[in-house]
Student: 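I'd like to ask you about the structure that follows.
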Number of protein chains: 2
Amino acid sequence: MFEIAEEELKYLNQIASEIKYPKGQIIFSTSQKANEVYYIKSGLVKIYRTTSDGRQVSVALRYPGDFIGLAEVLSNINEREYSAEAMDNVSILIIWKDGFKKMMAEMPIFSEKIVRLMSDRLREAQNTIYDFIMNPIQGRLAIFLLAMAERSGDKGADGIIHVRLRVTQEELACVIGSARQTISSLLNLFKEDGSIQYEGREIVGVNTNKLKTWIQE
Amino acid sequence: MFEIAEEELKYLNQIASEIKYPKGQIIFSTSQKANEVYYIKSGLVKIYRTTSDGRQVSVALRYPGDFIGLAEVLSNINEREYSAEAMDNVSILIIWKDGFKKMMAEMPIFSEKIVRLMSDRLREAQNTIYDFIMNPIQGRLAIFLLAMAERSGDKGADGIIHVRLRVTQEELACVIGSARQTISSLLNLFKEDGSIQYEGREIVGVNTNKLKTWIQE
DNA sequence: GAAAGAATGTAATCCAGCCGACAAAATAAA
DNA sequence: TTTATTTTGTCGGCTGGATTACATTCTTTC
């Protein structure tokens, strides 16, 4: 989603420090001070909030090449609204707010790309809202699996994407906004139907065409 | 949400043309070419999409002082993804894409404010997603009424907002993602409870504290 | 004014999907 | 290996809220 240029990465490497987070580690969490931005070098990051009764609700997943923690910094909010957690081993650059803003000011093309990134995410979020209203659970699950596969897999010519997704049903449930048991049955439906292929507990193939038949609209 | 400066408005007035839309008029619609941006001078605008079976799904409402049609232009998408409709008599400035981009380039402070606007909207959209997952319908309705009241009413000291909201239950249903009849019963519940006050078919008062008791978390 | 059209209220039916409870695998730890 | 822990499968019961179907009331239009 964000195509970083070589010189930009060079600049970032100079002002940022790299940190590695093991799976499950929390990168930042709700109501912490928001004075830095993160750039994902590798790994998957979940953006979520914990409810008062302890449940987790995810509002987005972020992939390598994405920035996270941007919205608060660009909005000049000083507390994090959401938390971020490493979904597998993650390697991240931490950039301080001031440095990031200076970079934006000095590199107009970079700045323009950041604006585009924010609009892309807004459109993405609006589509998610739309999907929540329109689609019953199977549809939402199908949409999400498709998005994940397209982000992190190799697309074959026949519409089959080869991936290697290791996500628990619990995780899926909290992104989709559903119950774990429901996800379990639906995944089995998808499997029987040939929409997805498993290898042990890992999703290794996604048949985009078949999966799309589960989506409304 | 967007505080425009006097000089910015002056600039806009020079490059834009003003158009008035009567209630119900469509400002732009899905899959049209997206080469302009709009600035709302007065009135309410609904951002929505029509589904294949004819239902409408709204993803946001925009108020006076807001820009609309921004995301596609900033993302360099050339087709509108959503439609916009005047919810009452609306007065709007139309700014052509090139003029708008030139303005952003020439006025860095304006540009910075646009970035902030996009992040604000992203956070708003993410909160909506969160609410959809967390809250049952009453909660979503309460949240929406609160937001509307705060945007367009005068806040009294006692937590009661005086407004003048004329929205049909049908409209509410398609923003909340629910059925008209459900909205009907809920509004009556809210009315009995003292959360909202009616005058004919117009909501004239919103008791923020009482309304908040209907919201989860 | 009357008649047509919109917007609301109410009630009965029905079903997707949540929840609780538990068994069976699979992974990790010891 | 054996044991503990995490992740999955499955099955009723229950319920929020969609859907259908009218009746009523308010607003326009003629």
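Order of the sequence lines sets the chain letters (A, B, ...), proteins ahead of strands, with each chain counted from 1. We use all heavy atoms of the structure for the numbers below, so side chains are in, but hydrogens, waters and symmetry mates are not.
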Student: Pick base, sugar-phosphate or nothing for Ser185(B), based on heavy-atom distances below 4.0 Å to the nucleic acid.
Tutor: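 Answer is nothing: Ser185(B) stays at 4.0 Å or more from every strand.
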
Student: Report the residue (Arg166(B) or Gln138(B)) whose heavy-atom-nearest nucleotide on DNA chain D is the more 5′ of the two.
Tutor: Gln138(B)

Student: Can you tell me if Tyr39(A) and Asn13(A) form a side-chain donor-acceptor pair at under 3.5 Å?
Tutor: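 No - no donor-acceptor pair under 3.5 Å links their side chains.
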
Student: For the pair made of CG in Leu172(A) and P in dG9(D), what is the distance, rounded to whole Å?
Tutor: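 Distance check: Leu172(A) CG to dG9(D) P gives 12 Å.
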
Student: On the nucleotide dC18(C), are OP1 or OP2 found under 4.0 Å from the side-chain N or O atoms that Ser178(A) carries?
Tutor: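 Yes, because at least one side-chain N or O of Ser178(A) sits under 4.0 Å from OP1 or OP2 of dC18(C).
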
Student: Does a donor on one side chain sit under 3.5 Å from an acceptor on the other, for Ser42(B) and Ser91(B)?
Tutor: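 No pair is found: no donor N or O on one side chain lies under 3.5 Å from an acceptor on the other.
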
Student: Examine dA18(D): is either OP1 or OP2 under 4.0 Å from a nitrogen or oxygen in the side chain of Thr182(B)? Give yes or no.
Tutor: yes

Student: If you look at every heavy atom in Ile68(B) and Ala84(B), which pair is closest and at what distance?
Tutor: CD1-CB, 4.3 Å

Student: Asn135(A) has an atom CG; how far is it from atom C1' of dA16(C), in whole Å?
Tutor: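 That distance rounds to 14 Å.
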
Student: Both Arg201(A) and Arg140(A) contact DNA chain C. Which one's nearest nucleotide lies toward the 5' end?
Tutor: Arg140(A)

Student: Closest nucleotide of DNA chain C for Val167(B) versus for Pro136(A): which of these residues is on the 5' side?
Tutor: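 That would be Val167(B).
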
Student: For Leu187(B) and dG9(C), what is the distance between atoms CG and C1' respectively, to the nearest whole Å?
Tutor: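 Rounded to whole Å, this separation is 12 Å.
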
Student: Counting only side-chain nitrogens and oxygens, does Asn188(A) get under 4.0 Å of the OP1 or OP2 atom of dT10(D)?
Tutor: yes

Student: Take the protein atom CD of Glu202(A) and the nucleotide atom C1' of dT8(D), then report the distance between them rounded to whole Å.
Tutor: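 Distance, rounded to whole Å: 16 Å.
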
Student: Less than 4.0 angstrom between a side-chain N/O of Ser184(A) and OP1 or OP2 of dT8(D), yes or no?
Tutor: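 No, outside the criterion.
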
Student: Give a yes or no on whether a salt bridge exists between Asp120(B) and Lys113(B), defined as a side-chain N under 4.0 angstrom from a carboxylate O.
Tutor: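 Looking at Lys113(B) together with Asp120(B), the answer is no, because their closest N to O distance does not fall below 4.0 Å.
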
Student: Answer yes or no: side-chain N or O of Gln181(B) and base N or O of dT20(D) forming a donor-acceptor pair under 3.5 Å.
Tutor: yes

Student: Separation of Lys23(A) atom NZ from dT7(D) atom C1', in whole Å?
Tutor: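 From Lys23(A) NZ to dT7(D) C1': 11 Å.
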
Student: Quick one: Arg180(A) CZ to dA21(C) P, roughly how many Å, whole number?
Tutor: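 The answer, rounded to whole Å, is 14 Å.
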
Student: What integer distance in Å separates Ile183(B):CD1 from dT19(D):P?
Tutor: 13 Å

Student: Measure the distance from CD1 on Ile137(A) to P on dC19(C) and round it to the nearest whole Å.
Tutor: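 Result: 11 Å.
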
Student: Can Ser83(B) and Arg49(B) be counted as having a side-chain donor-acceptor contact under 3.5 angstrom?
Tutor: no

Student: Within less than 4.0 Å of OP1 or OP2 of dG9(D), is there a side-chain N or O belonging to Gln169(A)?
Tutor: yes

